[in-house]
Amino acid sequence: MNSLAELKVGEALKEIQLEPVDRITLIKYAGASGDYNPIHTIDEEAKKAGLPGIIAHGMWTMGSLAKLFTDFYEEGFIQDYTIRFKGMVFLNDVVTLQAELAEENDNILRFHVRAINQNGNEVIKGDVLYQRYAS
Amino acid sequence: MFKEHIGKQSNKVKNMVERGAVKKFAESIGDLHPIFIDEETGKNSRYNRNIAPPTFPRVFDYGTIEGLNLPNKGLIHGEQTYQYQRPLFVGEEITCHSVIKNYFEKKGTQGEMGFLVLESNGEDEMGMMVFTSTQTVIITEAVRKVLIG
């Protein structure tokens with residue numbers, strides 16, 4: 001799809017399935033974001049915190065989810081992006097990103113967005129308000 | 001425990017939306033789109049320059065809120081929002097600061113949890129607000145015990 005104008009309420013953007021989460025990705029995100037909380041990169045620290053292993057930064061998942069909209073920045077932008085962190089993303093999890101157009105009011109498009117893991121459980125969910133530029 | 005800190009603000013800090021940092025960030029979230037990193041694409045876009053991904057403000061320095069000493073371990077990120085007036089431009093300077101908006105406690109399945117609501121803002125060189133972000137940090141009972149110590 002080249003334009004969001006073709007999308008109707010109730011329809012979804014093409015979902016994206018990510019590669020299995022690997023350690024190097026989380027190390028890169030730690031470096032790029034400055035979030036060096038060791039539960040995301042160091043096994044012993046994750047275990048000490050009571051986790052079975054390292055977990056992805058919630059903000060990594062939120063950042064990834066936004067890419068469903070990256071192709072559409074010529075016709076609008078993300079005005080509002082709200083996420084609730086629901087579950088943890090572990091190493092080797094396969095995360096799928098989804099967005100469904102819930103509402104359309106003039107130039108404001110409200111999407112329900114979520115990321116689910118390989119078991120179909122929501123790891124993050126929320127809303128994106130996308131504002132279309134007046135043509 | 002943090003109630004007395006509500007309303008406290010950090011000092012303002014100038015941040016650059018630095019080209020290399022945007023590229024590294026875009027790569028780390030698997031979103032190396034030309035609108036973020038390719039100069040030519042940026043120039044030919046409606047923005048006349050590259051823009052940054054919406055969660056990029058995670059990178060910025062928001063200054064220090066005096067008296068707020070959060071541990072870097074044992075915190076749970078509950079919610080996060082970003083509100084934008086327009087996208088962030090690569091190469092611009094953004095002045096950032098944070099405010100403690102709220103703190104409350106709730107009894108949950110894992111004991112008494114603390115909820116800290118932090119608001120962070122970024123203004124452009126004209127003093128116009130570009131974005132506001134809000135994060136809710138959950139402080140578990142175990143961590144609260146250590147903090148009260």
Side-chain angles (χ1 to χ4, degrees), chain A residues 16 18-19 21 24-39 45-46 48-51 55-86 88 95 97 124-131 133, chain B residues 15 20-37 41-42 44-47 50-62 70-88 110 130-138 140 142-143:
Chain A
I16 297 177
L18 303 180
E19 293 291 312
V21 175
I24 195 75
T25 298
L26 303 184
I27 292 171
K28 278 184 186 170
Y29 186 79
S33 68
D35 182 348
Y36 291 107
N37 187 330
I39 61 167
E45 291 291 336
K48 259 196 250 168
L51 299 166
I55 59 168
H57 306 72
M59 289 301 295
W60 172 79
T61 313
M62 184 176 182
S64 298
L65 182 56
K67 71 182 158 207
L68 290 169
F69 297 90
T70 307
D71 279 338
F72 307 113
Y73 287 137
E74 270 300 319
E75 49 179 317
F77 69 104
I78 292 180
Q79 184 188 66
D80 234 276
Y81 186 16
T82 304
I83 281 298
R84 179 170 277 202
F85 299 97
K86 309 265 292 178
M88 290 182 270
V95 173
L97 314 171
I124 63 174
K125 78 175 291 190
D127 276 1
V128 164
L129 276 192
Y130 173 93
Q131 181 174 347
Y133 296 116
Chain B
N15 289 269
V22 168
K23 186 174 180 183
K24 243 171 71 178
F25 188 85
E27 187 189 358
S28 75
I29 54 170
D31 199 8
L32 280 172
H33 194 281
I35 191 71
F36 300 138
I37 58 167
T41 304
N44 295 328
S45 76
R46 68 176 300 129
Y47 307 104
N50 295 113
I51 61 174
T55 59
F56 184 75
R58 183 75 184 83
V59 172
F60 294 148
D61 180 353
Y62 293 92
L70 282 178
N72 71 338
K73 292 185 200 173
L75 299 178
I76 298 167
H77 198 168
E79 284 178 33
Q80 177 74 43
T81 73
Y82 288 97
Q83 282 182 304
Y84 277 94
Q85 301 300 319
R86 61 159 171 85
L88 281 168
Q110 291 172 53
V130 179
F131 71 87
T132 299
S133 81
T134 310
Q135 72 181 115
T136 304
V137 177
I138 303 169
T140 60
V143 173

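It should be emphasised that the depicted structure is a prediction, and the values quoted were computed from it without experimental measurement. Proteins get letters first, then strands, A, B, ... in listed order; numbering begins at 1 in each.
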Original post:
When rounded to the nearest 0.5 angstrom, what distance separates CD1 in A:Ile78 from OG1 in B:Thr55?
Top reply: 9.0 Å

Original post:
Do B:Phe131 and A:Tyr81 come close enough that some side-chain heavy atom pair is under 4.5 Å?
Top reply: no

**OP:** Please name the pair of heavy atoms, one in B:Tyr84 and one in A:Phe77, separated by the smallest distance, quoted to 0.1 Å.
**Re:** O-CE1, 3.7 Å

**OP:** Provide the closest heavy-atom pair for A:Ala32 versus B:Lys24 in the form atom of the first, atom of the second, distance.
**Re:** CB-O, 3.7 Å

Per-pair distances, 0.1 Å, donor-acceptor, side chain in residues 58-70 of chain A, under 3.5 Å, sequence neighbours excluded:
unit_1	atom_1	unit_2	atom_2	d
A:Trp60	NE1	B:Ser28	O	2.9
A:Ser64	OG	A:Trp60	O	2.9
A:Lys67	NZ	B:Ile29	O	2.9
A:Lys67	NZ	B:Gly30	O	3.1
A:Thr70	OG1	A:Lys67	O	3.4
A:Thr70	OG1	B:Asp31	OD2	2.7

Subject >> Heavy-atom closest pair, residues B:Gln80 and A:Phe85 >> reply: CB-CE1, 3.8 Å

Original post:
For chain B, which of A:Arg84, A:Lys86, A:Glu75 has the most heavy-atom pairs under 4.5 Å?
Top reply: A:Arg84

Subject >> Pairs of heavy atoms under 4.5 Å with chain A: top-ranked of B:His77, B:Gln135, B:Glu27, B:Gln85 >> reply: B:His77

Subject >> Residue list, side-chain contact (heavy atoms from CB on, under 4.5 Å) with A:Asp35, at least two apart or on another chain >> reply: A:Ser33, A:Asn37, A:His40, A:His57, B:Arg58

Subject >> Side chain, backbone, both or neither of B:Phe36 within contact of chain A (heavy atoms, under 4.5 Å) >> reply: side chain

Subject >> Contact leader toward chain A among B:Lys23, B:Gln83, B:Arg86, where contacts are heavy-atom pairs under 4.5 Å >> reply: B:Gln83

Subject >> Any donor-acceptor N/O pair, B:Glu79 side chain to A:Thr82 backbone, under 3.5 Å >> reply: no

**OP:** Name the region of B:Pro53, side chain, backbone, both or neither, that has any atom closer than 4.5 Å to a heavy atom of chain A.
**Re:** neither

Subject >> Parallel, tilted or perpendicular, as decided by the 30° and 60° cut-offs, for the rings of A:Tyr133 and B:Tyr47 >> reply: perpendicular

